Amino acid sequence: MKIYISHSTKYDYINKIYNPIKNSNLIVSNTFFLPHEEENKITNTKDIISSFDLVIAEVSLPATGQGIELGWADYAKTPILCIHDKTAKISSSLQFITNQFIEYEGVEDMIIKISNFIKTK
């Protein structure tokens, strides 16, 4: 599966999303686009978001740029999975772009729940 990862730039995405994914079994059978990796920083996501099988959006922190990306994904009919820390209060407007939500407690729980979600697709 080809998966785009979306997140706030204010979120500790390196330690809480990128590294956990890279160090998990998810990386073995899926291709991930991590937008803030050096080689991906110049990519216009509007042009490529429709080419993905899934967008996983870490929505624990609100972000205007992420909202724009999710709007593009929704318009392109790319499925969206929103994940968030159990303690986060997420935006109620997310319900208008997806009904797929995962609440997690810590990085290990997040990886397990994403893995289980992907297995059902």
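It should be emphasised that the depicted structure is a prediction, and the values quoted were computed from it without experimental measurement.
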Between atom [atom1] of [X] and atom [atom2] of [Y], what is the distance when rounded to the nearest 0.5 Å?
X   : Y    : atom1 : atom2 : answer
E58 : I83  : CD    : CD1   : 5.0 Å
S91 : L61  : OG    : CG    : 12.5 Å
L54 : Q100 : CG    : CD    : 9.0 Å
I56 : I17  : CD1   : CD1   : 9.5 Å
H7  : Y18  : NE2   : OH    : 3.0 Å
L26 : I114 : CG    : CD1   : 6.5 Å

Might you confirm whether atom [atom1] of [X] has over 12 heavy atoms from other residues, nucleotides or ligands at distances under 6.0 Å?
X    : atom1 : answer
K22  : NZ    : yes
K86  : NZ    : no
E108 : CD    : no
E105 : CD    : no
N25  : CG    : no

How far apart are the closest heavy atoms of [X] and [Y], and which atoms are they?
X   : Y   : value
E69 : I49 : O-CD1, 3.7 Å
S50 : A76 : CB-CB, 3.5 Å
S60 : D85 : OG-N, 2.8 Å

Under 4.5 Å between side-chain heavy atoms, counting indirect links through other Ile/Leu/Val/Met/Phe/Trp/Tyr residues: same cluster for [X] and [Y] or not?
X    : Y    : answer
I48  : I80  : yes
V59  : I118 : no
I112 : I102 : no
F117 : Y104 : yes
I68  : L34  : no

- Query: Any side-chain donor-acceptor pair under 3.5 Å between Q66 and S6?
  - Reply: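 Indeed, the side chains of Q66 and S6 share at least one donor-acceptor pair under 3.5 Å.
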- Message: Are the side chains of I21 and I111 in contact, using a 4.5 Å heavy-atom criterion?
- Response: yes
- How would you list, by chain and number, every residue that makes a ring-ring contact (aromatic ring centres under 6.0 Å, His included) with F33, sequence neighbours excluded? Y4, F52
- Message: Which residues end up grouped with Y75 if you chain together Ile, Leu, Val, Met, Phe, Trp and Tyr wherever their side-chain heavy atoms are less than 4.5 Å apart?
- Response: none
- side-chain contact (heavy atoms from CB on, under 4.5 Å) assessment of L70 paired with T98: CA-CA 10 Å; L70 295 180; T98 187; over 6 Å; no
- Query: In terms of the angle between their ring planes, are H36 and Y13 parallel, tilted or perpendicular, with boundaries placed at 30° and 60°?
  - Reply: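 H36 and Y13: tilted rings.
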